[in-house]
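Notes follow once the structure below has been shown.
These numbers come from a predicted model, not from an experiment. Quick note on labels: first sequence line is chain A, next is B, and so on, each numbered from 1.
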Number of protein chains: 2
Amino acid sequence: MKNYDALKLENQICFPLYACSREIIKQYKPFLDKIDLTYTQYITMMVLWEKKSINVKTLGQILYLDSGTLTPLLKKLEGKGYIARQRSTSDERNLIVTVTESGEALKESAVSIPAEIGKCSNLEPEEAVQLYRILYKMLNDRHLEGEIL
Amino acid sequence: MKNYDALKLENQICFPLYACSREIIKQYKPFLDKIDLTYTQYITMMVLWEKKSINVKTLGQILYLDSGTLTPLLKKLEGKGYIARQRSTSDERNLIVTVTESGEALKESAVSIPAEIGKCSNLEPEEAVQLYRILYKMLNDRHLEGEIL
DNA sequence: CTAAATTAAATTGTGTGCAATTTAATTATA
DNA sequence: TATAATTAAATTGCACACAATTTAATTTAG
């Protein structure tokens with residue numbers, strides 16, 4: 001009788017990653033609803049609050065998202081007035097995204113969210129550190145694949 | 001000058017979880033394409049290979065998915081011939097999902113996938129163990145919320 | 001210098017994910 | 001026991017994700 005244990009859900013590492021990611025994003029929802037952002041829009045604004053100005057390609061590299069996801073999302077954020085979209089004059093292939101004043105003001109409403117979410121977590125500080133380190137190790141492994149380095 | 005560091009992407013724990021989950025699911029794609037399954041269909045089949053028969057509600061509790069996601073997905077798996085869907089005779093509110101012979105045969109084509117994916121990971125065994133433990137701790141915390149226990 | 005190759009966004013189409021509502025079946029209660 | 005409450009799926013509507021293709025701008029090569 002062949003052994004199929006490798007196919008059991010409980011033996012997967014990807015499944016809890018996938019489930020956990022979605023469960024935590026759900027925890028954000030009540031807080032993000034108050035400022036009318038989805039989770040993906042929220043992390044997009046995070047990058048913009050930090051960078052002020054960025055093109056779609058670079059934004060996509062940071063968020064691990066492509067234009068198929070970002071183009072409609074950025075149009076929505078533009079519709080809400082939080083960002084502006086304009087083509088680069090030096091290279092019109094590039095779309096430059098910038099934060100508006102209204103988008104900058106939104107940061108004030110968002111600043112308390114990380115602490116609120118932190119309260120919901122029962123992870124020990126060292127567990128959070130371990131988790132963070134391991135996740136970025138996996139992400140970087142994938143980033144570097146096929147590169148010269 | 002107020003401190004907004006908590007809003008930096010690099011200070012989030014949810015973001016690498018979200019990004020990592022999607023990146024690893026992408027690694028599955030070439031293998032899952034060969035057996036014509038999406039990742040969500042794949043983990044659904046995993047549960048069915050183990051349980052043989054299950055109703056939608058229980059399946060949803062295991063996978064952290066609701067009927068809004070599962071109903072169309074299960075119809076697709078039924079269309080591919082891997083599962084059968086039928087109402088319970090004892091309680092017609094319940095839909096019972098069972099694996100077909102074809103679905104059982106698919107397990108043979110899938111059994112090598114976990115090892116193939118494992119090859120792509122550069123995690124040390126103890127890191128994988130830590131990651132697994134922390135993720136399930138977070139998942140269980142959420143599962144138990146608001147329960148008597 | 002110009003055609004080919006490359007690049008960046010946008011578009012298209014499919015498949016989730018999930019909140020909210022609806023439908024149908026069952027259970028609890030007045 | 002008729003009705004109200006509850007439960008399980010299905011449905012609806014919106015927002016991602018992402019592969020594949022298209023469009024337009026820029027670079028590269030011959």
Side-chain angles (χ1 to χ4, degrees), chain A residues 14-15 18-30 32-33 36-45 54-80 83 85-97 142, chain B residues 14-15 17-33 36-45 54-80 83 85-97 142:
Chain A
C14 185
F15 168 69
Y18 158 78
C20 212
S21 162
R22 288 184 297 111
E23 287 303 305
I24 296 182
I25 287 172
K26 271 184 225 170
Q27 300 243 329
Y28 277 88
K29 189 164 193 316
L32 293 178
D33 278 352
D36 188 30
L37 290 182
T38 65
Y39 181 74
T40 316
Q41 290 166 9
Y42 172 59
I43 58 175
T44 300
M45 289 307 299
I54 195 171
N55 67 20
V56 173
K57 181 183 166 59
T58 310
L59 181 61
Q61 288 171 335
I62 293 172
L63 295 176
Y64 294 83
L65 291 171
D66 70 4
S67 67
T69 302
L70 288 175
T71 295
L73 184 147
L74 292 171
K75 284 180 179 175
K76 271 167 213 148
L77 286 176
E78 184 184 41
K80 298 181 200 212
I83 66 164
R85 298 161 69 246
Q86 67 208 62
R87 293 283 169 177
S88 163
T89 45
S90 64
D91 184 343
E92 296 212 351
R93 288 173 302 183
N94 286 282
L95 184 82
I96 311 292
V97 183
R142 270 153 189 85
Chain B
C14 185
F15 169 69
L17 207 53
Y18 159 78
C20 211
S21 162
R22 289 185 297 113
E23 288 302 305
I24 296 182
I25 288 172
K26 272 184 224 170
Q27 300 243 328
Y28 277 89
K29 189 163 194 315
F31 303 105
L32 294 178
D33 278 351
D36 189 30
L37 290 182
T38 64
Y39 181 74
T40 315
Q41 290 167 8
Y42 173 60
I43 58 175
T44 300
M45 289 307 299
I54 195 170
N55 68 18
V56 173
K57 180 181 166 61
T58 310
L59 181 61
Q61 287 170 336
I62 293 172
L63 295 176
Y64 295 82
L65 291 170
D66 70 4
S67 67
T69 302
L70 287 174
T71 295
L73 184 148
L74 293 170
K75 285 180 179 173
K76 271 167 212 145
L77 286 177
E78 185 183 40
K80 298 181 199 210
I83 67 164
R85 299 162 67 246
Q86 68 209 60
R87 292 281 167 179
S88 163
T89 46
S90 64
D91 184 342
E92 297 214 351
R93 287 172 303 182
N94 287 281
L95 185 82
I96 313 292
V97 184
R142 270 153 190 84

Report the distance from atom [atom1] of [X] to atom [atom2] of [N], rounded to the nearest whole Å.
{"X": "B/Lys26", "N": "D/dA20", "atom1": "NZ", "atom2": "P", "value": "13 Å"}
{"X": "B/Leu32", "N": "D/dA19", "atom1": "CG", "atom2": "C1'", "value": "15 Å"}
{"X": "A/Leu63", "N": "D/dC18", "atom1": "CG", "atom2": "P", "value": "11 Å"}
{"X": "A/Glu23", "N": "C/dG17", "atom1": "CD", "atom2": "C1'", "value": "11 Å"}
{"X": "B/Met45", "N": "C/dT16", "atom1": "CE", "atom2": "P", "value": "13 Å"}
{"X": "A/Leu65", "N": "D/dA15", "atom1": "CG", "atom2": "P", "value": "16 Å"}
{"X": "A/Leu73", "N": "D/dC18", "atom1": "CG", "atom2": "P", "value": "13 Å"}
{"X": "A/Gln41", "N": "D/dA15", "atom1": "CD", "atom2": "P", "value": "8 Å"}

Pair of N/O donor and acceptor under 3.5 Å linking C/dA10 base with A/Ser67 side chain: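 Counting by modelled atom types and ignoring angles, a donor-acceptor contact under 3.5 Å is found here.
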Any side-chain N or O of [X] less than 4.0 Å from the OP1 or OP2 oxygen of [N]?
{"X": "B/Tyr18", "N": "D/dA17", "result": "yes"}
{"X": "B/Arg87", "N": "C/dT26", "result": "no"}
{"X": "A/Thr40", "N": "D/dA15", "result": "no"}
{"X": "B/Asn94", "N": "C/dA25", "result": "no"}
{"X": "A/Arg85", "N": "C/dA10", "result": "yes"}
{"X": "A/Tyr39", "N": "C/dG17", "result": "no"}
{"X": "B/Asn55", "N": "D/dA8", "result": "no"}
{"X": "A/Arg22", "N": "C/dA19", "result": "no"}

Quick one: label [X] by what it contacts on the DNA or RNA (base, sugar-phosphate, nothing), any heavy atom closer than 4.0 Å.
{"X": "B/Thr69", "answer": "base"}
{"X": "B/Ser90", "answer": "sugar-phosphate"}
{"X": "B/Asp91", "answer": "sugar-phosphate"}
{"X": "A/Leu70", "answer": "nothing"}

Among C/dA25, D/dA19, D/dA9, the one nearest A/Asp66 by side-chain distance: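 The answer is D/dA19, which lies nearest to the side chain.
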Of the listed nucleotides D/dA9, D/dA24, D/dT7, the one nearest the side chain of A/Arg93: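 When the side chain of A/Arg93 is considered, D/dA24 is the closest of D/dA9, D/dA24, D/dT7.
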Polar side-chain atom of B/Thr44 near backbone of B/Thr40 as donor-acceptor pair, under 3.5 Å: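 Checked: pair present.
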Donor-acceptor contact present, side-chain A/Lys80 to main-chain A/Asp36, <3.5 Å: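 Yes, the answer is positive, given that a donor and an acceptor are paired below the 3.5 Å cut-off.
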Side chain to side chain, A/Leu65 and B/Arg22, heavy atoms closer than 4.5 Å: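 A/Leu65 reaches B/Arg22 side chain to side chain.
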Salt bridge (Lys or Arg N to Asp or Glu O under 4.0 Å) between B/Lys75 and B/Glu78, worked out: CA-CA 5 Å; B/Lys75 285 180 179 173; B/Glu78 185 183 40; over 6 Å; no
Which residue lies more 5' along DNA chain D, comparing B/Lys75 with A/Pro72 via nearest heavy atoms: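 Going by which nucleotide is closer to the 5' end, it is B/Lys75.
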Nearest-nucleotide comparison on DNA chain D, the residue closer to the 5′ end among A/Lys76 and B/Lys29: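 Its nearest nucleotide being more 5', the pick is A/Lys76.
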With A/Tyr18, the ring pair (Phe, Tyr, Trp, His ring centres under 6.0 Å) member among B/Tyr42, B/Tyr64, B/Tyr39: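 Option passing the ring pair (Phe, Tyr, Trp, His ring centres under 6.0 Å) with A/Tyr18: B/Tyr39.
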Residue pair B/Asp91 / B/Ser88, side-chain donor-acceptor N/O under 3.5 Å: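 Side chains of B/Asp91 and B/Ser88: no pair found under 3.5 Å.
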